[in-house]
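Everything on this sheet refers to the single structure shown next.
The shown structure was predicted, so the numbers you read here are calculated from the model rather than taken from an experiment. In what follows, residues are counted from 1 in the order of the sequence shown.
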Amino acid sequence: MWQLRERAHPVLTDEGGAILDEHTGRWTQLTPTAAAAVMLLLSCPTEQQAADRFAERYGIGVEQAAADVRTVADALTAQGLAQTRSRPSRRRWGRR
């Protein structure tokens, strides 16, 4: 599951957007398509679902959409603005 870090504050619109890193005070500017990818990544439970919706929105192939969404996710992760977390395990404490 992809998500923005707590210190990252997005301002996203259909015309583009930016993400403020409150730790550094720097803004990362986003193109309209990158902002759309971030909105979809934040609203979809999986990256594949985000890519599927991205493909529908822009009328492109699913493989290209997946590559585009992955590029945005990787860039923001590399900048320390986002992270990928696995779902919490359903292990019950106290039972072995």
Which residue pairs satisfy the salt bridge (charged side-chain N to carboxylate O under 4.0 Å, His left out) criterion with at least one member in residues 24-50, sequence neighbours excluded?
-> Glu47-Arg70
Quick one: name the residues clustered hydrophobically with Val62, using the 4.5 Å side-chain heavy-atom rule over I, L, V, M, F, W, Y, and just say none if it's on its own.
-> none
Could you state the interatomic distance from OG1 (Thr28) to CG (Asp21), rounded to the nearest 0.5 Å?
-> 7.0 Å
Only one of Gln83, Glu22, His23 forms a side-chain hydrogen bond (donor to acceptor under 3.5 Å, both in side chains) with Arg5, so which one is it?
-> Gln83
Closest non-hydrogen contact found for Arg7 with His9 is O-CD2, 3.4 Å
Side-chain heavy atoms of Thr46 within contact of Trp2, under 4.5 Å | no
Between CG on residue Leu4 and CG on residue Leu42, distance to nearest 0.5 Å = 5.0 Å
Distance-only donor-acceptor hits, side chain of residues 49-61, under 3.5 Å, sequence neighbours excluded:
| unit_1 | atom_1 | unit_2 | atom_2 | d |
| --- | --- | --- | --- | --- |
| Asp52 | OD1 | Gln48 | NE2 | 2.9 |
| Arg57 | NH2 | Asp14 | OD1 | 3.1 |

Leu40 side, atom CG; Leu12 side, atom CG - distance, nearest 0.5 Å = 10.5 Å
Partners passing side chain to side chain donor-acceptor pair (under 3.5 Å) against Gln3 (at least two apart in sequence or in another chain) | none
Using a 4.5 Å side-chain heavy-atom cut-off and chaining through intermediate ILVMFWY residues, the residues clustered with Trp27 come out as Val11, Leu20
Run the side-chain donor-acceptor check on residues 29-39: report pairs under 3.5 Å with partners two or more places apart or on a different chain.
| unit_1 | atom_1 | unit_2 | atom_2 | d |
| --- | --- | --- | --- | --- |
| Thr31 | OG1 | Thr33 | OG1 | 3.3 |
| Thr31 | OG1 | Ala34 | N | 3.1 |

